[in-house]
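Below, all heavy atoms of this structure are taken into account, side chains as well, without hydrogens, waters or symmetry copies. First the proteins, then the strands, lettered A, B, ... as listed; each starts at 1.
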Amino acid sequence: MKLYEQFPISLTNSLSGKKEVFQPINPGHVGMYVCGPTVYSDVHLGNVRTFLTFDIISRYFRHLGYKVRYVRNITDVGHLENDADEGEDKIAKKARLEQLEPMEVVKNYTEGFHEVLRQFNMLPPSIEPTATAHIVEQIEITKRLIEKGLAYEVNGSVYFDVPKYNEAHDYGILSGRKIEDLMESGRKLDSQDEKRNKVDFALWKKASPAHIMRWPSPWGDGFPGWHIECTVMSTKYLGETFDIHGGGMDLKFPHHECEIAQAVGANGKDPVHYWLHSNMLTVNGQKMSKSLGNSFLPRELFAGTHSLLDKGYSPMTVRFFMLQSHYSSTLDFSNEAMQSAEKGFKKLAQALAYIKKVEVPKASVASELTTEMNRMAADCYTSMSDDFNSAKVSAVLFEMSARL
RNA sequence: GGUUCCGUGGCCGAGUGGCUAGGCUGAGCUCUGCAAAAGCUCCUACAGCGGUUCGAAUCCGCUCGGAACCUCCA
C-alpha cells in the first residue's frame, strides 16, 4: 500500500474555495505548475515564501510515493511597468538603467534566484522553462485564438476579447469577479487605447522602434503578453489539463484568471483541476513588496543588515519560521517571531541530533513509548495530508522531542 | 465602490460542533557549590451583539476592526 493511499491528501482548491480530496488525473502521478519569478531584480523574502510553500508541497507528494513533474517557469520577457498599453518592459528598463543587454539582466537575476533557493534548501523543479524559449508556441496559440474569434489584432498588437469569451464561458470563475463590475470600475479606456474593451488583455504587443526585446510575428515585430507564457509552458509540459497550478495569492487576478481564459479559449477545456494560492508575507501587517519599500533580501536577513532587523538569522531558521504557519494564511514577519523560531528550531535540531546518536535496540524499547511515537508519526502524516498543515506538524514534532 | 479573506491568551500561530494545539516570553520548581544548559509545572484565550443547537472559537446574521486583489507584484 502506497503512503498516499494511507494518507490521502486534501487541499484547498481556489477554484471552489473548498477543501477537496486530491485525485490525480493519472494514478500515481502529479503534474504541477508554479508561476516563477520575473527576473528583473532580486527575489525578496516574500517571494521566497511562495516558492518554499511549493517546495514543501512537491516534496510531500513525492514522499507519499507520487511521481511528480514539477514545472516552474522563469519569466524573462513581457511584464510591462504599468498596464496593457503603456510603459516599458521591466527587463528592458533594467537593462537600460544598468547598461546591460537584456540577456545579461536575465542571467544575473536567474542565477541569483537559484542561489537563494539553494540557500533555503529547496529542490529544483523538474523542468524550468523560460518564456523567451517559447515564443513560437506563444505565437501559435495567439493565432489559434484569433481564428476562434476570441482575439483581434490592432496595429500590430493582439488582444484577447474578454466579453466575447464571456459569452460562452465564465471569465471570473477563479477570482469571483463579475465582468460587469470590471467594466465599470478602475481605469477608463482612453481614446488612444487600442483595446476594444477595458478588460481585454494583450497576447502580443507591437515593439516600438526603441524596444530591444523583439521577435518577428505574423503581426510584425513584437513581444508576447504577460499571461500567455504560462498557458503555453504549462500545457506544453503537463498537457492541456493537469493536476495542480500554484502561485502567490496576488497572481490570482488577473494573471491566473487570464490563463484560464486563454487555455479554455484555445483548447476548449479547463486547464487545471486544483488551483493553489499561497498567502502573503507581511511586515507590520502589510504585504511585503518592492513597491511598498518594506521588502528585504535573503542576504540582508542572513547578515542582519536591514534596518528592520535586530540581527541575522540562518536560512533554516527562516524556513522553519515560515513552516510554522499555514501557507494559506498571511504570515507576519517580526524580530520577535524570528527569535522565537530560532530557539524552537534549535530545540528540534538538538532532538534530531540526539536520535541519530542513540542506538535504539529495536525489540527492547519500552513498548508504550514506541506506540506513542508511532501515533505521533502518523499524526504528522495526517496533518500534512490535511492541506499541507506544516504548522500542526511542527507542534507534533515538539511533542515528540519532549518525549526523548 | 466591487471581489476574496481574516480577527484566537503578553507575542507568534494551529484548530472548522463536544476532548490540553504548539512555539516564544513571564512566574515557580527540580538538578547544580554558584552559574549555564536541560527538564517539569503554572498563566486556559477565541473582536462585539444576536441566532441555530443538548452543546459553537468552530454554523448563520448584523456591527466594529484589519488585509489582499480590482495597475506590475510571489
Regarding the side chain of F398(A), the nearest nucleotide among U16(B), C73(B), G22(B) is G22(B)

Using a 4.0 Å heavy-atom cut-off, does K343(A) contact any base of the nucleic acid, only the sugar-phosphate backbone, or nothing at all? sugar-phosphate

- prompt: For atom CZ of R69(A), is the number of surrounding heavy atoms from other residues, nucleotides or ligands below 6.0 Å larger than 12?
  reply: no

Under a 3.5 Å limit on both distances, the Watson-Crick or wobble mate of U44(B) is none

| Ion pair present between E137(A) and K236(A), side-chain N to carboxylate O less than 4.0 angstrom? | yes

Out of C70(B), A68(B), A14(B), minimum distance to the side chain of P254(A) belongs to C70(B)

Among U3(B), G13(B), C69(B), the one nearest any side-chain atom of F253(A) is C69(B)

Any salt bridge linking K392(A) with D386(A)? Criterion: basic side-chain nitrogen under 4.0 Å from a carboxylate oxygen.
no

Look at N47(A) and C73(B) and indicate whether a side-chain polar atom (N or O) is within less than 4.0 Å of OP1 or OP2. no

In whole Å, measure the gap between the P atoms of G9(B) and U44(B) for me.
13 Å

Quiz item: Between the main-chain N or O of I173(A) and the side-chain N or O of E257(A), is there a donor-acceptor pair closer than 3.5 Å?
Solution: yes

Winner on side-chain proximity to D181(A), out of A74(B), G2(B), C69(B), is G2(B)

Per nearest nucleotide of RNA chain B, the residue lying toward the 5' end, S334(A) or Q350(A), is S334(A)

Whole-Å distance, W226(A) CH2 to C73(B) P, equals 9 Å

Provide the distance between the two P atoms, one in C6(B) and one in U58(B), to the nearest whole Å. 13 Å

message: Using atom P in both nucleotides, what's the gap between G61(B) and G26(B) to the nearest angstrom?
response: 43 Å

- Message: Just to be sure I understand the rule, does G46(A) reach a base, reach only the sugar-phosphate, or reach nothing, if contact means heavy atoms closer than 4.0 Å?
- Response: base

Task: Inter-nucleotide C1' distance (C34(B), C46(B)), Å rounded - done: 44 Å

RNA chain B nearest-nucleotide lookup for K287(A) and Q339(A): closer to the 5′ end is Q339(A)

Closest of C24(B), U3(B), A74(B) to the K347(A) side chain is C24(B)

Considering only the P atoms, how many Å lie between A45(B) and G22(B), rounded to the nearest integer? 15 Å

- prompt: Contact class for L281(A) (heavy atom, under 4.0 Å): base, sugar-phosphate, or nothing?
  reply: base

(message) Measuring only the C1' atom in each nucleotide, how far is A27(B) from C43(B)? A whole number of Å is fine.
(response) 8 Å

Query - Inter-nucleotide P distance (C24(B), U63(B)), Å rounded - result: 41 Å

Look at the side-chain N and O atoms of K392(A) and state whether any lies under 4.0 Å from the OP1 or OP2 oxygen of G13(B). no

| query | Are the side chain of D221(A) and the backbone N or O of R214(A) linked by a donor-acceptor pair below 3.5 Å? | reply | no

Evaluate the ring pair (Phe, Tyr, Trp, His ring centres under 6.0 Å) criterion for residues F61(A) and F54(A): first the C-alpha distance (whole Å), next the side-chain angles of each, then the deciding distance (0.1 Å), finally the verdict. CA-CA 10 Å; F61(A) 272 115; F54(A) 293 104; over 10 Å; no

The nucleotide from A14(B), U16(B), C69(B) with an atom nearest the side chain of R177(A) is C69(B)

Just checking S329(A): base, sugar-phosphate only, or nothing, at a heavy-atom cut-off of under 4.0 Å? sugar-phosphate

Side-chain contact check for L251(A): nearest option of C40(B), U16(B), C73(B) is C73(B)

- prompt: Contact class for M280(A) vs. all strands (heavy atom < 4.0 Å): base, sugar-phosphate, or nothing?
  reply: base

> Can you tell me how far P in U32(B) sits from the matching atom in G48(B), rounded to whole Å?
Replying inline: 48 Å

With distance as the sole criterion, is a donor-acceptor pair present between the side chains of Y327(A) and S390(A) under 3.5 Å? no

Ordered by number, residues from residues 316-328 of chain A within less than 4.0 Å of RNA chain B (heavy atoms) are Q324(A), S325(A), H326(A)

The ring pair (Phe, Tyr, Trp, His ring centres under 6.0 Å) partner of H277(A) among H256(A), H255(A), H245(A) is H256(A)

Q.
With no hydrogens and no angle check, just 3.5 Å: does a side-chain donor-acceptor pair link S325(A) and R49(A)?
A. yes

